[in-house]
Amino acid sequence: MTDSNPQTNPNDVPSAADVPAAAEGQQEQRRGGGRDRGDRRGGRRGDRRNQERDSEWQERVVQIRRVSKTVKGGKKMSFRAIVVVGNERGQVGVGVGKAGDVIGAVRKGVADGKKHLVKVPLTRHNSIPTLSNGRDGAASVLIRPAAPGTGVIAGGSIRTVLELAGIKNVLAKRLGSKTPLNNARAAMVALDSLRTHKETAKERGISLEQIYS
């Protein structure tokens, strides 16, 4: 009778030195998997923080125009977008973007607006502390504080700038050109020149009581 059990070849049996190496490889894979999970968690946390930061800012498109540039071969058509960016907490900016498509122009306008932010001092009634006048090009804007419950009385791009700055009680009047971009920039100049009574007293070197008297 022949033996049913096949004979094992001594060359096929793994040596003792090979077994720990295989076990270490499995442990490294397990450890590496844990690191990947940690990296994924860290990436998710970073994405959430970026989303929260982006959610604080609001974007409004004031105007989109199709513009052309004359080059050697003819005319090159593109789009220009005027975008106002603000967090309704005293920060606002106006940006302009140009691109071959509308989405690209708006994206560039948002990035440009965040580069030119202005800090606006707000009162407890969400108004401005003093009267201010801004000018840009042929556009002139007058901004005046208002009593609680007045609302935002303004028009065009000036209203958009004031609303995204967080101002809820204000009177504004456009005195010059009707161009949306110049009016928005004139409003930014007016808001940038605002100073609180405390800052004014410190600049003049007098007390706050002397300003009110």
(request) Any chance you could pull the hydrophobic cluster mates of Leu175, using side-chain heavy atoms under 4.5 angstrom and chaining through other members? (result) Leu131, Leu142
(message) Could you work out, with salt bridge (charged side-chain N to carboxylate O under 4.0 Å, His left out) as the rule, every residue matching Arg159, not counting sequence neighbours?
(response) Glu163
(request) Might you point out which heavy atoms bring Ser193 and Ser132 nearest each other, and give the distance in Å? (result) OG-OG, 3.0 Å
(message) Donor-acceptor pair, distance only, cut-off 3.5 Å: does the side chain of Asn133 make one with the backbone of Ala190?
(response) no
(request) Measure across Ala139 and Ala186 and return the closest heavy-atom pair with its distance rounded to 0.1 Å. (result) O-CB, 4.0 Å
(request) Can you see which heavy atom on Ala146 is nearest to which on Ser127, and at what distance? (result) N-OG, 3.4 Å
(request) Considering non-hydrogen atoms only, spot the tightest contact between Pro129 and Pro145 and give its length. (result) O-CG, 4.4 Å
(request) Would you mind listing the cluster partners of Ile158? Hydrophobic ones only (ILVMFWY), side-chain contacts under 4.5 Å, chaining allowed. (result) Val62, Ile82, Val84, Val92, Val94, Val96, Val118, Val120, Leu122, Ile128, Val141, Ile143, Val152, Val161, Leu162, Leu164, Ile167, Val170, Leu181, Met188, Leu191, Leu194
(request) For Thr196 and Glu199, indicate whether the former's side chain and the latter's backbone hold a donor-acceptor pair under 3.5 Å. (result) yes
(message) Side-chain heavy atoms under 4.5 Å apart, restricted to Ile/Leu/Val/Met/Phe/Trp/Tyr: what other residues fall into the cluster of Ile153, or is it alone?
(response) Leu171
(request) With sequence neighbours left out, write down each residue that passes ring pair (Phe, Tyr, Trp, His ring centres under 6.0 Å) with His197, or none if nothing qualifies. (result) Tyr212
(request) First locate atom OG1 of Thr160, then atom CD of Gln58, and finally report the distance between them rounded to the nearest 0.5 Å. (result) 11.5 Å
(request) Please list, chain by chain and in numerical order, all residues satisfying salt bridge (charged side-chain N to carboxylate O under 4.0 Å, His left out) with Arg195, sequence neighbours excluded. (result) Glu203
(message) Taking salt bridge (charged side-chain N to carboxylate O under 4.0 Å, His left out) as the cut-off, I'd like each qualifying pair that reaches into residues 78-92, sequence neighbours left out, listed once.
(response) none
(message) Under a 3.5 Å distance rule, please check whether Ser177 uses its side chain to pair with a backbone N or O of Ala138 as donor and acceptor.
(response) no
(request) With sequence neighbours left out, write down each residue that passes side chain to side chain contact (heavy atoms under 4.5 Å, CB included) with Thr70, or none if nothing qualifies. (result) Lys75
(request) Say whether, by atom type as modelled, one donor and one acceptor occur between the side chain of Asn169 and the main chain of Gly149 under 3.5 angstrom. (result) yes
(request) Find the distance between NZ (Lys114) and NE2 (His116) and round it off to the nearest 0.5 Å. (result) 14.5 Å
(request) With sequence neighbours excluded, tell me which residues meet side chain to side chain contact (heavy atoms under 4.5 Å, CB included) with Ser78. (result) Val67
(request) Nearest 0.5 Å please: distance from the CD1 atom of Ile103 over to the CZ atom of Phe79. (result) 11.0 Å
(message) Under 4.5 Å between side-chain heavy atoms, counting indirect links through other Ile/Leu/Val/Met/Phe/Trp/Tyr residues: same cluster for Val83 and Val189 or not?
(response) no
(request) Please check if the side chain of Asp136 supplies one atom and the backbone of Arg185 the other of a donor-acceptor pair under 3.5 Å. (result) no
(message) List the residues meeting side chain to side chain contact (heavy atoms under 4.5 Å, CB included) with Arg135, not counting sequence neighbours, and say none if there are none.
(response) Ser140
(request) Write out all pairs satisfying side-chain hydrogen bond (donor to acceptor under 3.5 Å, both in side chains) with one or both partners inside residues 91-111, taking only residues at least two apart or from two chains. (result) Asn87-Gln91
(message) Holding to side chain to side chain contact (heavy atoms under 4.5 Å, CB included), I want the full list of residues that pass it with Arg124, two or more places apart in sequence or in another chain.
(response) none
